[in-house]
Engineer: 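Below is a structure I'd like to ask you about.
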Amino acid sequence: MFPQFLEKCVLVSGQGPLEDVAKDLGFRNVVTIEAMRQAYPLLDMVDQSRRPRSGAAISVSLPAIEAVVLLGEPVRWETSLQLILDLLLSAGRPTEWSAPPPYPHIPILACNMDLLWMAEAKTPRFGHGTFLLCLETLYRKITGRELQYEALIGKPSPVTYNYAEQLILRQAMERGWRNPVRTLYAIGDNPMADIYGANLYNRFLQSRCRDSPGPHSCQSVLVCTGVYSYQGEVPSDPQESVTQTVFHGHRDFKFDPSLVEASHVVRDVGEALELILKKEGWRRSQES
């Protein structure tokens, strides 16, 4: 979707085999945070045990970074925040500084915007959205300007739901379905990401021409497990709305109370599937 970045030298942030992941996505010139830290050992100074010894040489073997790709939350946040900010404040050349810092800064592509996610703990854990919030806040505090994104990818971005729609339609065609797919169902446990995104995409579908051969609506189904499980009891009526008073969504997605109210609320994924089967008439036909 972003071929203009595939040949550029990009810094990739996250965890795991980042170079392999980035290359699978099509990026051909990838630099990791660790590679940048090794090339510029004087930049990472928060952890005293990792500070370089006096007289450490600065390597200039890395080319200028032309874009930043944020795939997920890193392990050492202070290192990633420092080095990414160094790039944004120096047009991708952390050994060359200018006053004031260049603006707009080099492009940023970011995905996985969830502020919180649910693990084994009783309450949700920090997600990549929390890291993005830290980066945005630091950049604004240092420069007085807003951090800008070239693109935000992943829920609740409509581009992600459009991609899912295309995959569903392709599978329907491969399975030889004759009847068109008119309704999409999006199941999730996070009102600020899963439900918000599904309802936002539903608005897009309803604004699309009714003669379109594709889906006409996207129904959001909130499961009361995961992120949502600690917030309240399961409504007895699946049609009952769930209201949110604190917006945990990303800065660039404005709060709209109607977008975080699910079309249906159920206990878990099993009940969600049962609800969908009944609404589509498949459960009755199987039982008969």
Side-chain angles (χ1 to χ4, degrees), residues 1-47 50 52 56-98 100-114 127-129 131-136 138-139 142-143 145-155 157 159-160 162-163 166-167 250 252:
M1 294 185 60
F2 303 95
Q4 68 271 30
F5 292 102
L6 299 184
E7 299 293 341
K8 293 184 181 296
C9 182
V10 299
L11 178 81
V12 179
S13 171
Q15 296 184 39
L18 290 174
E19 290 184 86
D20 293 338
V21 172
K23 289 179 179 178
D24 285 344
L25 292 172
F27 296 103
R28 299 180 181 89
N29 194 358
V30 177
V31 175
T32 64
I33 290 287
E34 185 57 32
M36 184 179 167
R37 179 178 174 274
Q38 292 177 5
Y40 305 105
L42 300 180
L43 299 183
D44 184 20
M45 302 295 285
V46 173
D47 187 343
R50 282 164 42 109
I58 297 178
S59 169
V60 293
S61 59
L62 290 182
I65 303 298
E66 299 173 278
V68 177
V69 180
L70 306 177
L71 295 178
E73 58 268 27
V75 175
R76 288 182 172 268
W77 285 31
E78 78 283 358
T79 298
S80 295
L81 289 170
Q82 179 69 78
L83 270 58
I84 292 170
L85 282 168
D86 286 336
L87 293 175
L88 299 179
L89 299 174
S90 64
R93 298 175 175 85
T95 58
E96 301 178 16
W97 298 92
S98 61
Y103 194 83
H105 51 69
I106 60 175
I108 302 176
L109 300 172
C111 66
N112 189 8
M113 295 168 278
D114 288 9
H128 193 219
F131 179 81
L132 297 180
L133 178 60
C134 293
L135 182 62
E136 295 157 9
L138 285 169
Y139 185 84
I142 292 171
T143 67
R145 296 175 178 269
E146 293 292 338
L147 187 78
Q148 301 295 323
Y149 294 95
E150 184 75 15
L152 288 166
I153 307 160
K155 299 174 296 186
S157 175
V159 67
T160 299
N162 181 259
Y163 178 66
Q166 300 308 314
L167 291 182
H250 187 268
D252 292 355

Engineer: To the nearest 0.5 Å, tell me how far Ser13 OG sits from Leu70 CG.
Structural biologist: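 Here the rounded value is 5.5 Å.
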
Engineer: When rounded to the nearest 0.5 angstrom, what is the spacing between CG in Leu11 and CG in Asp86?
Structural biologist: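 Atom-to-atom, Leu11:CG and Asp86:CG are 11.0 Å apart.
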
Engineer: Classify the ring geometry between Phe131 and His128 as parallel (under 30°), tilted (30 to 60°) or perpendicular (over 60°).
Structural biologist: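 Rings of Phe131 and His128: parallel, as their planes differ by under 30°.
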
Engineer: Do Arg37 and Arg50 have side chains that approach each other closer than 4.5 Å (heavy atoms only, starting at C-beta)?
Structural biologist: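 Side-chain contact under 4.5 Å: yes.
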
Engineer: Just jot down the side chain to side chain donor-acceptor pair (under 3.5 Å) partners of Tyr163, sequence neighbours excluded, or say none.
Structural biologist: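 Partners of Tyr163 under the side chain to side chain donor-acceptor pair (under 3.5 Å) test: none.
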
Engineer: Could you measure the distance from the CD1 atom of Ile84 to the CG atom of Leu89? Nearest 0.5 Å is fine.
Structural biologist: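 Atom-to-atom, Ile84:CD1 and Leu89:CG are 11.5 Å apart.
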
Engineer: For Ala91 and Pro102, which heavy atoms make the closest approach, and how far apart are they?
Structural biologist: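 Heavy-atom minimum between the residues: N-CG, 3.7 Å.
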
Engineer: Would you name the heavy atoms of Trp77 and Cys134 that are closest together and state the gap between them?
Structural biologist: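 In this case the closest contact between Trp77 and Cys134 is CZ3-SG, 4.1 Å.
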
Engineer: Can you find a heavy atom in the side chain of Gln148 that is under 4.5 Å from one in the side chain of Pro107?
Structural biologist: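 Heavy-atom side-chain distance check fails, nothing below 4.5 Å.
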
Engineer: Using only heavy-atom distances, determine whether the side chains of Glu78 and Gln82 contain a donor-acceptor pair under 3.5 Å.
Structural biologist: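 No - no donor-acceptor pair under 3.5 Å links their side chains.
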
Engineer: A side-chain contact here means heavy atoms from C-beta on lying under 4.5 Å apart; do Val10 and Asn29 qualify?
Structural biologist: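 No, side chains not in contact.
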
Engineer: Applying side chain to side chain contact (heavy atoms under 4.5 Å, CB included), run through Met36 and Leu87 and close with a yes or a no.
Structural biologist: CA-CA 10 Å; Met36 184 179 167; Leu87 293 175; 3.4 Å; yes

Engineer: Rounded to the nearest 0.5 Å, what separates atom OG1 in Thr143 from atom OH in Tyr103?
Structural biologist: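 Atom-to-atom, Thr143:OG1 and Tyr103:OH are 7.0 Å apart.
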
Engineer: Looking at Arg76 and Asp47, is any side-chain nitrogen of the basic one under 4.0 Å from a carboxylate oxygen of the acidic one?
Structural biologist: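 Judged by the 4.0 Å cut-off on N to carboxylate O distance, Asp47 and Arg76 do form a salt bridge.
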
Engineer: Without swapping roles, check the side chain of Gln15 against the backbone of Glu73 for a donor-acceptor pair under 3.5 Å.
Structural biologist: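 Yes: the side chain of Gln15 pairs with the backbone of Glu73.
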
Engineer: State, yes or no, whether a side-chain contact exists between Phe5 and Leu109 at a heavy-atom distance under 4.5 Å.
Structural biologist: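 Sidechains of Leu109 and Phe5: in contact.
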
Engineer: Rounded to the nearest 0.5 Å, how far does OG1 of Thr160 lie from NZ of Lys155?
Structural biologist: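 Separation between the atoms: 9.0 Å.
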
Engineer: Between Ile108 and Leu88, is the side chain to side chain contact (heavy atoms under 4.5 Å, CB included) condition met? List the steps.
Structural biologist: CA-CA 9 Å; Ile108 302 176; Leu88 299 179; 3.9 Å; yes

Engineer: Show your working on side chain to side chain contact (heavy atoms under 4.5 Å, CB included) between Leu71 and Leu25 and close with a plain yes or no.
Structural biologist: CA-CA 11 Å; Leu71 295 178; Leu25 292 172; 4.1 Å; yes

Engineer: The criterion is ring-ring contact (aromatic ring centres under 6.0 Å, His included); which residues satisfy it with Tyr149, sequence neighbours excluded?
Structural biologist: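 Scan of Tyr149 (ring-ring contact (aromatic ring centres under 6.0 Å, His included), adjacent residues dropped) gives His250.
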
Engineer: Assess the residue pair Tyr40 and Leu83 against the criterion (side chain to side chain contact (heavy atoms under 4.5 Å, CB included)); give the C-alpha distance rounded to whole Å, side-chain angles, the decisive distance to 0.1 Å, and a yes or no.
Structural biologist: CA-CA 9 Å; Tyr40 305 105; Leu83 270 58; over 6 Å; no

Engineer: Please answer whether the main-chain N or O of Leu152 pairs with a side-chain N or O of Ser157 as donor and acceptor at a distance below 3.5 Å.
Structural biologist: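 It does hold such a pair.
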
Engineer: Between Glu66 and Cys9 (side chain of the first, backbone of the second, donor and acceptor by atom type, cut-off under 3.5 Å), is there such a pair?
Structural biologist: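 Flag set: sc Glu66 to bb Cys9 pair under 3.5 Å.
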
Engineer: Taking atom OG of Ser90 and atom CD1 of Ile106, what is their separation to the nearest 0.5 Å?
Structural biologist: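 So the OG of Ser90 and the CD1 of Ile106 are separated by 7.0 Å.
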
